[in-house]
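Data block below; observations after.
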Amino acid sequence: MNVKAIMCDIDGTLLSSEGVVTKKTVEMIKKSREKGILFGLSTGRDVNSIQTLLGTWGIEGLVDMIVGTGGAEIYDYTFDISKAQYPLDGELIKEIVKHYEDMDCNFAIPEDGIFYSPKDDEYIQDLSKGDRVPYKVVDYDEYLTSPKAKLIIICKPEYMDQIIERSKTFHSDDYKSSSLKTASVLYEYMDPGISKTAGLKEILKLHHIDIKDIVTFGDADNDYDMTLNAGIGVVMANGSEKTKSVADYITDDNDHDGIGNYIEKYIL
């Protein structure tokens, strides 16, 4: 396979447990780019927050393109092209929040590098600290006057099964949405048309690259579709069983140079 681009999920994939990219993986990314292979990020994080953290992660100047917010946003550094679509209606988000209002959880909406939450508690504080993204508490009735990219539900890991069960009883007559678990403590709602695959295809068109000519790296359930559709879908050893089930290759975990080892062995 003639690899034309490498696209990586961030959390649990590209970043180690210490919140940085390992030295070997940085070295392998540099070497692959020297061979003319593009390197990009495909993540649930929003583009603005990613751009502010590239230096902290140790990959500033090494990223050619970003697929953000689970596919709802793209940014291309080569052409300085940015596109975003926010198809989750504000009224729908209010309905979803109400559906979970009696549960032990909080909510967050990523926008312009900030998490917007309806209340201040340990859940939003932990998410903000872990992702290194600031948060702001707002009145959702006032804030949700326009569509947003997605809604994140935050809970304890042991409470996730109850969140998933509650999700099965949510229905709206007026709006469509899809939802899935994206981390042990995160459950997300978004428009059914939004996926990492859709975002990848959109940004790859700018470079005349087919999705079958790329390698993707992921770990969680929201990486399932891009793992399935990429030319080669690689999943971390620490990945979910669902996403591993469609992987072409299982690499080492995010603390043991999983991405760097694969690039060195199979791409360079």
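Sequence positions, counted from 1, serve as the residue numbers for this chain.
Side-chain contact check for Y135 versus V133: every heavy-atom pair is 4.5 Å or farther apart. Proximity of D131 to S49: side-chain heavy atoms (C-beta onward) are nowhere separated by under 4.5 Å. I74 has its side chain out of reach of M65: every pair of non-hydrogen atoms, C-beta onward, lies at least 4.5 Å apart.
Below 30°, between 30° and 60°, or above 60°: for Y189 and Y187 the angle between ring planes is above 60°, a perpendicular geometry. The aromatic rings of H99 and F170 sit perpendicular to each other, their planes meeting at more than 60°, with 30° as the lower class boundary.
In terms of heavy atoms, D11 sits closest to D219 at O-OD1, 3.2 Å. Heavy atoms only, all atoms of each residue included: T243 and A220 are closest at OG1-O, 2.7 Å. Residues K119 and I124 come closest through the heavy atom pair O-CG2, 3.6 Å. Residues I250 and A247 come closest through the heavy atom pair CD1-CB, 3.7 Å. The minimum heavy-atom distance between A108 and L127, with the atom names listed, is CB-CD2, 4.0 Å. Contact detail for K176 and L92: the closest heavy-atom pair is O-CD2, 3.6 Å.
A distance of 6.0 Å or more separates the ring centres of Y140 and F107.
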When you look at Y266 and V234, which way does the side-chain contact (heavy atoms from CB on, under 4.5 Å) test go after all the steps? CA-CA 11 Å; Y266 296 106; V234 183; over 6 Å; no
side-chain contact (heavy atoms from CB on, under 4.5 Å), that's the test. Do D174 and E91 meet it? Break it down for me. CA-CA 10 Å; D174 300 314; E91 291 303 315; over 6 Å; no
Please test L144 against I109 for side-chain contact (heavy atoms from CB on, under 4.5 Å), starting from the C-alpha separation and ending with a verdict. CA-CA 10 Å; L144 294 172; I109 295 172; 3.6 Å; yes
Starting from the C-alpha separation in whole Å, work towards a yes-or-no answer on side-chain contact (heavy atoms from CB on, under 4.5 Å) for Q51 and Y77. CA-CA 11 Å; Q51 291 173 323; Y77 282 90; 3.3 Å; yes
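Checked by atom type, the side-chain pair T197/D225 shows a donor-acceptor distance below 3.5 Å. Judged by distance alone, the side chains of H256 and N261 never bring a donor and an acceptor atom under 3.5 Å apart. If you check the side chains of K148 and S146, you find a donor sitting under 3.5 Å from an acceptor. In the model, Y262 has no side-chain atom that pairs as donor or acceptor with a side-chain atom of D257 under 3.5 Å.
Checking each of D253, D255, N254, N238 against S17 for a side chain to side chain donor-acceptor pair (under 3.5 Å) leaves exactly one that passes, namely D255. Each of V21, T25, L53 was checked for a side chain to side chain contact (heavy atoms under 4.5 Å, CB included) with I59, and the lone residue meeting it is V21. The side chain to side chain donor-acceptor pair (under 3.5 Å) test with H207 is passed by exactly one of D213, D76, D64: D76. When each of D223, T69, N229, T227 is checked for a side chain to side chain donor-acceptor pair (under 3.5 Å) with K196, only D223 meets the rule.
Ion pairing of D112 with K136 is absent here, as no side-chain N (NZ or NE/NH1/NH2) approaches a carboxylate O to less than 4.0 Å. The pair E101-K98 meets the salt-bridge criterion, with a side-chain N (NZ, NE, NH1 or NH2) lying under 4.0 Å from an Asp/Glu carboxylate O. Using a cut-off of 4.0 Å between Lys/Arg side-chain N and Asp/Glu carboxylate O, K30 and E27 are scored as not salt-bridged.
Listed for the S128 side chain is no donor-acceptor partner under 3.5 Å among the backbone atoms of Q125.
There is no path of hydrophobic side-chain contacts, each under 4.5 Å, that joins V215 to M7. Connection of Y123 to F115 is established within a shared hydrophobic cluster, with ILVMFWY side chains joined at heavy-atom distances below 4.5 Å, either directly or through further cluster members. The same ILVMFWY cluster, assembled from side-chain heavy atoms under 4.5 Å apart, contains both L15 and F39. I232 and V67 fall into different hydrophobic clusters, where Ile, Leu, Val, Met, Phe, Trp and Tyr are joined by side-chain heavy atoms under 4.5 Å apart, directly or via other members.
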